[in-house]
Q: 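Before I ask anything, let me first share the structure, which is written out below as structure tokens.
These numbers come from the heavy atoms of this one structure, side chains and all, not from hydrogens, waters or symmetry mates. If you read the sequence from its start, that first residue is 1, and numbering goes on from there. Predicted model, so just to flag it, every value in this text is computed and none were measured.
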Amino acid sequence: MTPLERAEAKFGWKLVAPTILILGLLILYPLMYNVYLSFFDVQLNGYKTFVGFENYIKLLTNTDYYSAIGTTSLYLLGTVVGTTLLGLAMALLLKDPFKGRGLVNAAIMLPYVAPVISVVFGWQFLFDPISGVVNYLFVDVLGIWSERTNLIGDPDSALWVVVLFDIWKHAPIAYLLILSKLVSVSRDQYEAAAIDGYGPIGRFFHVTLPELYFVLATVVLLRLIWNLNRFEDVYLLAPNVQTLPIFTYYQAFTGVIDQGLAAATSVIQLAVLSVFIWFYIKKIMKW
């Protein structure tokens, strides 16, 4: 390096040093401290006893942990697939300009930008077993159900309510990402495909879908990363749905508190997240 290049490199490090320091204090230190805690039996008075891998062994023999993994897997599958498909469907329907499309786009984005606490209360009212709209519609109006049901109170049905809520709330961001790519696809490609004899379905699979591979992969991976960490939506709407973040919270702060075990849970979750993040950086960001 020339003296000028070395001076510029030093100046660059000086510029980013405050950011690195802040990120280290706010992100890296808590992560490392959490890994440290996972090897200890942590008492409420702050006293810690080193137990090695005992927390991990206890966790891997805990049936509730595997139940949380199963719940999380169903939650991820339902929300990621549902969000992506709904976002794609809306983008395909609204890709062509029409009068009032700006208002329609604004209405679609409302669930995503609305405060989560307000929309959660709205959904709890909708599914209320006594005065909720859902029970009234399916029991009193359509007669599909024979009696009113507390869908949020039952953990089995509550999971699917949470999945529907997540799809409804986060499909707009998938729609926005897919639409931004969809409107940039040249019409010449569709005209050439039509000349070759492809109908609407053929044009979708041979023109639209190949153009959307990058965006769809981005949406799927980001939704996996975000939803594996999703806490507030699930806990506020249905705290009886024990995904991994909810399971970790209960281990750390409720009942028989075991913060060492909770730390071990979050360390394993961090390892899984790291794989997704590595794949996203390695593959998606290079496409």
Q: Indicate yes or no: at least one non-hydrogen side-chain atom of Arg230 is less than 4.5 angstrom from one of Thr243.
A: no

Q: Quick test of your reading: applying side-chain hydrogen bond (donor to acceptor under 3.5 Å, both in side chains), list the pairs with at least one residue in residues 64-78, sequence neighbours left out, ordered by first then second residue.
A: Tyr75-Asp166

Q: For residues Asp154 and Thr149, determine if any side-chain heavy atom of one lies less than 4.5 Å from a side-chain heavy atom of the other.
A: no

Q: Ring centroid separation for Phe40 and Tyr36, is it under 6.0 angstrom?
A: yes

Q: CH2 of Trp226 to CD1 of Ile173: how many Å apart, nearest 0.5 Å?
A: 6.0 Å

Q: Using the ring centroid of each side chain, check whether Tyr56 and Phe39 are separated by less than 6.0 Å.
A: yes

Q: Taking the side chain as every heavy atom from C-beta outward, state whether Val42 and Thr49 have any atom pair closer than 4.5 Å.
A: no

Q: Report the distance from atom CG of Leu21 to atom CG of Leu28, rounding to the nearest 0.5 Å.
A: 11.0 Å

Q: Once rounded to the nearest 0.5 Å, what's the spacing between atom CG of Asn150 and atom OG of Ser157?
A: 7.5 Å

Q: Lys10 versus Trp13: any side-chain heavy-atom pair under 4.5 Å?
A: no

Q: If only side-chain N and O atoms count, and only distance matters, is there a donor-acceptor pair under 3.5 Å linking Glu147 with Asn135?
A: no

Q: For Phe279 and Phe276, what are the C-alpha separation, side-chain angles and deciding distance, and is it a ring-ring contact (aromatic ring centres under 6.0 Å, His included)?
A: CA-CA 5 Å; Phe279 186 82; Phe276 287 134; 8.6 Å; no

Q: Quick one about Tyr249 and Thr254 (side-chain donor to acceptor, distance below 3.5 Å, no hydrogens or angles considered), yes or no?
A: no

Q: So which atom in Leu37 and which in Lys48 form the shortest heavy-atom distance, rounded to 0.1 Å?
A: CD2-CD, 3.5 Å

Q: Below 4.5 Å, heavy atoms only, C-beta onward: do Tyr136 and Arg148 meet side chain to side chain?
A: yes

Q: Under the rule for salt bridge (charged side-chain N to carboxylate O under 4.0 Å, His left out), what residues qualify as partners of Glu211, not counting sequence neighbours?
A: Lys181

Q: When the ring planes of Trp123 and Trp168 are compared, do they come out parallel, tilted or perpendicular, using 30° and 60° as the limits?
A: tilted

Q: Starting at CD1 of Ile22, measure out to CG of Leu25 and round the result to the nearest 0.5 Å.
A: 8.0 Å

Q: In the structure I gave you, are the side-chain heavy atoms of Lys58 and Asp258 within less than 4.5 Å of one another anywhere?
A: yes

Q: Determine whether Phe50 and Asp41 make a side-chain contact, defined as any pair of heavy atoms from C-beta on separated by less than 4.5 Å.
A: no

Q: Could you tell me whether the side chains of Asn55 and Ser38 share a donor-acceptor contact shorter than 3.5 Å?
A: no

Q: Where the side chain of Asn240 meets the backbone of Gly153, is there a donor-acceptor pair that is under 3.5 Å apart?
A: yes

Q: For Arg101, is there an ion pair with Asp96 - N to carboxylate O distance below 4.0 angstrom?
A: no

